[in-house]
> 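Supplied in structure tokens, the structure appears directly below.
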Protein chains: 2
Amino acid sequence: MAAKSEQTRQHLADVALRMFREIGFEKTTMRAIAAEAGVSVGNAYYYFASKDDLVQELYVQVQAEHAAKADEALEGLKDLGSRLRATLHAGLDVMAPYHRFGADFVATAIRPTSPVNPFAGESTAAREASLGIFRAAVEGSSPPAPKKLRADLPELLWLGYMGIALFWVYDTSEGQRRTRKLVDGAVPLIARGLLLAKIPGVNKVLDDVLSLSRSIRN
Amino acid sequence: MAAKSEQTRQHLADVALRMFREIGFEKTTMRAIAAEAGVSVGNAYYYFASKDDLVQELYVQVQAEHAAKADEALEGLKDLGSRLRATLHAGLDVMAPYHRFGADFVATAIRPTSPVNPFAGESTAAREASLGIFRAAVEGSSPPAPKKLRADLPELLWLGYMGIALFWVYDTSEGQRRTRKLVDGAVPLIARGLLLAKIPGVNKVLDDVLSLSRSIRN
DNA sequence: ACTCACTTCTGAACGCGTTCAAAAAGGGGA
DNA sequence: TCCCCTTTTTGAACGCGTTCAGAAGTGAGT
């Protein structure tokens with residue numbers, strides 16, 4: 001019966017994610033997860049090849065929630081600034097319960113071998129899904145983003161989001177208030193900065209930045 | 001005899017760093033370091049409270065080498081572009097032997113609790129030393145950097161360097177050729193970008209970026 | 001030479017993530 | 001019902017980073 005198997009797997013994931021939130025990464029040992037879920041350690045490894053795989057499970061879930069929440073929040077928002085702001089705050093909302101876990105997550109994800117690593121390998125599903133959230137924010141906006149930037153903007157914003165997430169990890173202010181301030185302050189600047197792309201001098205440098213970015217990828 | 005103690009400590013550090021270079025982070029176990037150095041595991045822990053402390057030892061050494069090599073390379077270079085380029089390449093030169101170790105280093109350093117973390121705590125010695133290297137590159141340049149940016153530029157460049165280092169970690173091209181290309185391509189763009197700061201529209205946005213950056217720190 | 005305080009060193013032990021041979025449970029065909 | 005193959009589950013074992021009680025060494029004072 002495949003259903004029973006899937007049920008065990010899901011139960012393990014649920015227990016693990018709850019423990020990550022409630023007692024943190026280090027205290028959530030594989031033995032503790034297994035005990036709490038009522039199975040043996042070996043059985044936990046039958047479903048998740050490593051502790052990192054459980055972290056990936058969390059990543060996938062957080063990302064799906066972010067996509068759903070952002071999609072909902074974008075309803076009725078037209079200009080890029082509002083849309084970007086809503087998307088970023090949605091991300092912070094979803095991550096919030098895991099703040100104490102953030103540093104361990106980053107340390108796990110940043111390894112080139114990690115399935116969660118957003119920089120390694122162009123074709124990872126995780127990265128594409130995350131990029132898609134920002135693509136949605138850009139594509140639906142009016143007035144539209146400058147033509148020249150439209151193709152690269154989602155990736156650029158996503159990169160900025162990675163930076164914001166890193167800032168968030170180190171943000172010890174209550175409720176990560178400073179990160180919220182950063183988002184609210186940075187979004188209008190980005191929106192205004194995009195308008196500068198039309199200034200000839202800026203436009204030229206921008207061209208070169210984009211062409212460098214492309215030539216580096218090969 | 002304090003000299004004998006210092007000698008043991010130094011010997012352990014030398015052995016550990018060599019093993020990091022030659023066989024990587026994971027295979028360099030505390031037991032292996034101790035065995036290779038001819039002491040007991042417990043004794044290694046008498047000198048270094050954790051494996052991370054040995055990573056810090058490496059960080060300090062790499063940074064000192066970077067500072068020395070950059071200082072030497074700056075001799076006679078006037079314009080900011082050349083100086084920045086020399087500084088960045090000096091950093092890559094020093095890191096090169098540790099490339100295979102890079103990912104583990106980043107994963108270690110990025111933890112808020114790590115003594116090596118460059119983002120945590122404003123006053124870490126490691127961060128100040130690293131910033132100093134870029135301050136030297138900016139301060140000695142002629143023509144000088146725009147007044148408005150002069151105070152923040154070293155920190156900004158240092159942040160860029162962190163980004164380049166991250167790129168370098170994931171750069172699997174032989175000799176990390178792509179990272180070299182990135183540096184050579186990005187430096188002139190940065191130099192030209194700085195000139196744009198004089199354009200009124202850009203200047204205004206720049207003001208706001210700087211003021212946001214300051215307001216966020218509190 | 002002997003004591004005493006301090007530094008240096010040892011190796012067994014702990015809990016962790018992970019592996020694996022083998023046991024148990026399930027289920028389709030006779 | 002019994003057999004046989006696959007899926008699922010078990011728990012002991014391994015190597016790791018780290019800890020710690022205690023042994024060994026060192027040197028100044030007597």
Side-chain angles (χ1 to χ4, degrees), chain A residues 1-17 19-20 22-59 101 103-105 107-111 113-116, chain B residues 1-17 19-20 22-59 101 103-105 107-111 113-116:
Chain A
M1 192 199 296
K4 174 73 185 312
S5 175
E6 185 51 38
Q7 193 177 318
T8 308
R9 188 198 143 89
Q10 194 57 57
H11 182 51
L12 273 166
D14 289 345
V15 166
L17 267 56
M19 291 181 81
F20 281 153
E22 294 180 358
I23 64 175
F25 183 72
E26 295 189 4
K27 285 189 180 172
T28 304
T29 68
M30 291 300 285
R31 283 165 178 83
I33 294 169
E36 183 79 13
V39 303
S40 68
V41 220
N43 199 19
Y45 275 92
Y46 179 75
Y47 290 102
F48 297 93
S50 67
K51 197 177 175 183
D52 283 7
D53 270 36
L54 281 164
V55 173
Q56 186 187 16
E57 192 75 13
L58 172 117
Y59 181 68
F101 174 73
D104 295 288
F105 176 77
T108 299
I110 211 159
R111 300 199 122 82
T113 56
S114 167
V116 194
Chain B
M1 195 200 293
K4 174 72 186 311
S5 175
E6 185 50 40
Q7 193 178 318
T8 307
R9 189 198 142 89
Q10 194 58 56
H11 182 50
L12 274 165
D14 289 345
V15 166
L17 267 54
M19 292 180 80
F20 281 153
E22 293 180 359
I23 64 176
F25 182 72
E26 294 189 4
K27 286 189 180 173
T28 304
T29 68
M30 290 302 284
R31 283 168 178 79
I33 294 170
E36 183 80 11
V39 303
S40 68
V41 216
N43 199 19
Y45 275 92
Y46 178 74
Y47 290 102
F48 297 94
S50 67
K51 198 177 176 183
D52 282 8
D53 271 36
L54 281 163
V55 173
Q56 186 187 16
E57 192 75 12
L58 173 117
Y59 181 67
F101 174 72
D104 296 287
F105 177 76
T108 299
I110 210 158
R111 299 199 124 85
T113 56
S114 166
V116 195

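Here is the naming used below: chain letters follow the sequence lines, and residue numbers restart at 1 for every chain.
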> Return no unless some side-chain N or O of A:Tyr46 is found under 4.0 Å from OP1 or OP2 of D:dT9.
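A:Tyr46 to D:dT9 OP1/OP2: no side-chain N or O under 4.0 Å.
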> Using whole Å, what does the distance between atom C1' of nucleotide D:dT7 and atom CZ of A:Arg9 come to?
16 Å
> Starting at NZ of A:Lys51 and ending at P of C:dT19, how long is that distance when rounded to a whole Å?
15 Å
> How many Å lie between CD on A:Glu6 and P on D:dT8, as a whole number?
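In whole Å, D:dT8 P and A:Glu6 CD are 10 Å from each other.
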> With nearest nucleotides of DNA chain C determined for A:Met30 and B:Thr8 from heavy-atom distances, which residue corresponds to the more 5′ nucleotide?
B:Thr8
> OP1, OP2 of C:dT10 versus side-chain N and O of B:Asn43: anything below 4.0 Å?
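Checking B:Asn43 against C:dT10: at least one side-chain N or O falls below 4.0 Å of OP1 or OP2.
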> Measure NE2/A:His11 against P/D:dT8 and give the value in whole Å, please.
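The answer, rounded to whole Å, is 16 Å.
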> Rounded to whole angstroms, how far apart are CZ on B:Phe48 and C1' on C:dT8?
15 Å
> Does A:Val41 reach a base, just sugar-phosphate, or nothing at all? Heavy atoms under 4.0 Å.
base
> D:dG11 phosphate, OP1 or OP2: any side-chain N/O from A:Ser40 under 4.0 angstrom?
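False: A:Ser40 side-chain N/O out of range (4.0 Å or more) of D:dG11 OP1/OP2.
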> Considering only D:dG17, C:dT18, C:dG17, which nucleotide approaches the side chain of A:Ser50 most closely?
C:dT18
> Please check if the distance between the ring centroids of B:Phe20 and B:Phe105 is under 6.0 Å.
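No: the rings miss the under 6.0 Å criterion.
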> Would you compute the distance between atom CG of B:Leu54 and atom CZ of B:Phe25 and round it to the nearest 0.5 angstrom?
9.0 Å
> May I have the distance from B:Glu26 (atom CD) to D:dG15 (atom P), rounded to whole angstrom?
16 Å
> C:dT18 C1' sits how many Å from A:Ile33 CD1, rounded?
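In whole Å, C:dT18 C1' lies 13 Å from A:Ile33 CD1.
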> Whole-Å distance between C:dC16 P and A:Phe25 CZ?
13 Å
> Should A:Ser5 be listed as having a side-chain N or O under 4.0 Å from OP1 or OP2 of D:dT8?
yes
> Using a 3.5 Å distance criterion without hydrogens, assess whether the side chain of B:Thr108 forms a donor-acceptor pair with backbone atoms of B:Asp104.
yes
> Do B:Gln10 and B:Asp14 get their side chains close enough for a donor-acceptor pair, meaning under 3.5 Å?
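There is such a pair (donor and acceptor under 3.5 Å, judged by atom type) between the side chains of B:Gln10 and B:Asp14.
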> Heavy atoms, side chains only, cut-off 4.5 Å: are A:Val116 and A:Arg111 in contact?
no
> Of all the choices, C:dT10, C:dC9, C:dG17, which nucleotide is nearest to the side chain of A:Tyr45 once you look at every atom?
C:dG17
> How sharply is the helix from C:dA1-D:dT30 to C:dG29-D:dC2 bent, taking the axes over five pairs at either end and rounding to 10 degrees?
30°
> Verify, without hydrogens or angle tests, whether B:Lys27 (side chain) and B:Ala32 (backbone) share a donor-acceptor contact under 3.5 angstrom.
no
> Can you tell me how far apart OG (A:Ser40) and OH (A:Tyr46) are? Round to the nearest 0.5 Å.
12.0 Å
> Less than 3.5 Å between a donor and an acceptor, one on the side chain of A:Arg31 and one on the base of C:dG17, is that the case here?
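Yes, the side chain and the base share a sub-3.5 Å donor-acceptor pair.
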